[in-house]
K.L.:
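First the structure, which I've put down as structure tokens, then a few questions once you've had a look.
On a predicted model such as this, the values are computed, not experimentally measured, just so you know. Every number for a ligand or one of its atoms is a count from 1 in the order of the listing. Any value given below was found using the heavy atoms of this structure, including those in side chains, with hydrogens, waters and symmetry copies removed.
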Amino acid sequence: MAQNESPSRRSFLGATGAALIATSGLGAQRPKDVKVRLAVAGGGFGARHHWHEHPHCAVTAVTDLVAGRRQALAKAYDCDQVFPSLERMLAEAADTFDAVAVFTDAPSHAKHTLMCLNAGKHVTVACPVALTLEDCQKIKEAKEKTGLRYMMHESSWYRQPCIAAREAYAKGQFGRLAFSEVEYFHPGIGARSHGLSSTRGKRTWRWGFPPMLYPTHALGLLVGVTGERIVKVSCAGQLVSKDFPAGKDNAYGNPFDNEIALGHTDRGNICRFGVLWNVAGHGERGQWLGEKMSCFMAGSGGQPRARRGVSGRWQAWNVPDYWKTDRLPESMRHNSGHGGSASFLSAEFVEALVEKREPTVDVYQSIAMTAPGIVAHDSAMKGGALMNVPSFDR
Ligand SMILES: NC(=O)c1ccc[n+]([C@@H]2O[C@H](COP(=O)([O-])OP(=O)(O)OC[C@H]3O[C@@H](n4cnc5c(N)ncnc54)[C@H](O)[C@@H]3O)[C@@H](O)[C@H]2O)c1
């Protein structure tokens, strides 16, 4: 959380630069230019990241099952070690990389994460952690047993308003933050006619995908601000679009294209979180209502970014472009997409490995953004039953 997040690049290098080069298990023999050697699996979203821009990282191997995507990865990261599968890459070239960025399909995340951890590789993985509580538990156990680093690549965590809200929360500016509303809208996902749900006549993993099995863009705006855990949840599901392949026509038996949950947190607060595939809206939005201050992200309904204090006056909420500052290495100070978050995520994973510390979005935070959605979907399937969310914390 905010406490272990380096406030600036200068302090990161100033405080630890010399020591990490002398002591890093990654490269005591690589003075000055200690490099994390990263392999990337999955050439869709996985080809649009920024690890190679970090001065302490080199992409040394890439893989995808699809030839065109392998080429896209090789080109994006200027890497000529290319493999036809993650399995082959681990079997044939494991000594050429320290860590793997797993950007395969969401249903494969758990299997691929465990494969990499068990091969002795640090892992950063696209969201979500897994689709079942059992797999969340296996990943937590594998991470703890191996002592390797694990980070979920959750863009909401480093959206600029989320960074600003996290820092305001750490300073106590909200007072008690009693109620958070966090949501993710992506119209059409999972529907028959959506390009991401079927390609060249073949169904993809997104066909009929349960909204609440993709909860992290919403819950990143809770866990990434307050660090709270959802401990109980009740969820409502609905089917809006006739184009959504409900029930038996999808691999998940999922009847819903929109899901909205009410969560109770471990600090006695309330969080409404939602994932909606079929509304006329788009993107991620959080609003945080505290005793002393409330902050509102801009929304697809044209709502402005705003802030209100106890005086009752509304003010514009000025959120800096953190990506322009020395929180990032100079080579990464550009708007990297998804609310400026992508380069922060790449930098955080690389710097955690170089500094030999846990990434800010560690396995516990990652599961705290994933598990409540898994239970919420179960609740929706049971007509909104109030259900406990197990703790995966240390
Ligand atoms: N904002 C965000 O954070 C964001 C945005 C988009 C996607 N994502 C996540 O990123 C991940 C990837 O998304 P996508 O849209 O590229 O999905 P995708 O299904 O288009 O691509 C996944 C790729 O993984 C490859 N793959 C699967 N198994 C493999 C194996 N064993 N070895 C090598 N390659 C393998 C597939 O061939 C495919 O090209 C998903 O988990 C998604 O949820 C996150």
K.L.:
Does Thr104, backbone or side chain, put an N or O under 3.5 Å from an N or O of ligand 1?
P.N.:
yes
K.L.:
Does NZ or CZ of Arg166 lie under 6.0 Å from the centre of the six-membered ring of Tyr158, at an angle within 45° of the ring axis?
P.N.:
yes
K.L.:
Answer with side chain, backbone, both or neither: which part of His109 has a heavy atom less than 4.0 angstrom from an atom of ligand 1?
P.N.:
side chain
K.L.:
Can you see which heavy atom on Val319 is nearest to which on Pro161, and at what distance?
P.N.:
CG1-N, 3.8 Å
K.L.:
May I ask whether His217 has any heavy atom positioned less than 4.0 angstrom from an atom of ligand 1?
P.N.:
yes
K.L.:
Identify the residue among Asn388, Val233, Ile230 that makes a side-chain contact (heavy atoms from CB on, under 4.5 Å) with Val375.
P.N.:
Val233
K.L.:
Is any side-chain heavy atom of Met212 less than 4.5 Å from a side-chain heavy atom of Cys235?
P.N.:
yes
K.L.:
In terms of atom number and element, which parts of ligand 1 are under 4.0 angstrom from non-hydrogen atoms of Ser155?
P.N.:
1 (N), 2 (C), 3 (O)
K.L.:
Enumerate the atoms of ligand 1 whose separation from the nearest heavy atom of His338 is less than 4.0 angstrom.
P.N.:
1 (N), 5 (C)
K.L.:
Applying ring pair (Phe, Tyr, Trp, His ring centres under 6.0 Å), run through Phe209 and His186 and close with a yes or a no.
P.N.:
CA-CA 12 Å; Phe209 197 77; His186 197 138; over 10 Å; no
K.L.:
Between Phe103, Phe349, Phe97, which is the residue that forms a ring-ring contact (aromatic ring centres under 6.0 Å, His included) with Trp51?
P.N.:
Phe103
K.L.:
Taking Glu183 for its side chain and Arg285 for its backbone only, find out whether a donor-acceptor pair lies under 3.5 Å.
P.N.:
no
K.L.:
Of all the atoms in ligand 1, which lie at a distance below 4.0 Å from a heavy atom belonging to Gly44?
P.N.:
16 (O)
K.L.:
Name the closest protein heavy atom to atom 31 (N) of ligand 1, giving the residue it belongs to and the distance to 0.1 Å.
P.N.:
Glu87 OE1, 3.0 Å
K.L.:
Is there a heavy atom of Ala41 sitting under 4.0 angstrom from any atom of ligand 1?
P.N.:
no
K.L.:
Indicate whether any N or O donor in one side chain lies under 3.5 Å from an N or O acceptor in the other, for Ser346 and Glu53.
P.N.:
no
K.L.:
Which of the atoms of ligand 1 are close to Tyr214, meaning less than 4.0 Å from one of its heavy atoms?
P.N.:
4 (C), 8 (N), 9 (C), 42 (C), 43 (O), 44 (C)
K.L.:
What are the two closest non-hydrogen atoms of Trp277 and Asn258, and how far apart are they?
P.N.:
N-OD1, 3.0 Å
K.L.:
With heavy-atom distances below 4.0 Å as the criterion, list the atoms of ligand 1 near Asp105.
P.N.:
22 (C), 27 (C), 28 (N)
K.L.:
How far is atom 23 (C) of ligand 1 from its nearest protein heavy atom, and which residue and atom is that?
P.N.:
Asp64 OD2, 3.6 Å
K.L.:
Return the option from Leu90, Leu345, Leu65, Thr63 holding the heavy atom at the smallest distance from atom 35 (C) of ligand 1.
P.N.:
Leu65
K.L.:
If we only count N/O pairs under 3.5 Å, is Leu196 in contact with ligand 1?
P.N.:
no
K.L.:
Please check whether Ala126 reaches ligand 1 - meaning an N/O of the residue sits under 3.5 Å from an N/O of the ligand, judged on distance alone.
P.N.:
no
K.L.:
Would Asp64 and Arg70 pass as an ion pair if we require N to O under 4.0 Å?
P.N.:
no
K.L.:
Atom 4 (C) of ligand 1: which protein heavy atom is closest, and how many Å away?
P.N.:
Phe45 CE2, 3.2 Å
K.L.:
How are the rings of Trp314 and Phe296 set to each other: parallel, tilted or perpendicular (split at 30° and 60°)?
P.N.:
tilted
K.L.:
Counting heavy atoms only, which of His153, Arg48, Arg206, His112 comes nearest to atom 17 (O) of ligand 1?
P.N.:
Arg206
K.L.:
Which residue and non-hydrogen atom of the protein lie closest to atom 12 (C) of ligand 1, and at what distance in Å?
P.N.:
Phe103 O, 3.4 Å
K.L.:
Flag the pair Glu358 and Lys143 as a salt bridge only when some basic side-chain nitrogen lies within less than 4.0 angstrom of an acidic carboxylate oxygen.
P.N.:
yes
K.L.:
Distance to 0.1 Å, residue and atom name: give those for the protein heavy atom nearest to atom 19 (O) of ligand 1.
P.N.:
Trp205 NE1, 2.8 Å
K.L.:
So is Cys127 close enough to ligand 1, meaning a heavy atom under 4.0 angstrom away?
P.N.:
yes
K.L.:
Taking only heavy atoms of Leu86, which atoms of ligand 1 are found under 4.0 Å from at least one of them?
P.N.:
30 (C), 32 (N), 33 (C)
K.L.:
Check for me whether Thr204 has a heavy atom closer than 4.0 Å to any atom of ligand 1.
P.N.:
no
K.L.:
For atom 20 (O) of ligand 1, what is the closest protein heavy atom, and at what distance to 0.1 Å?
P.N.:
Arg69 NH1, 2.9 Å
K.L.:
If the threshold is 4.0 Å, N to carboxylate O, is there a salt bridge linking Arg88 and Glu92?
P.N.:
yes
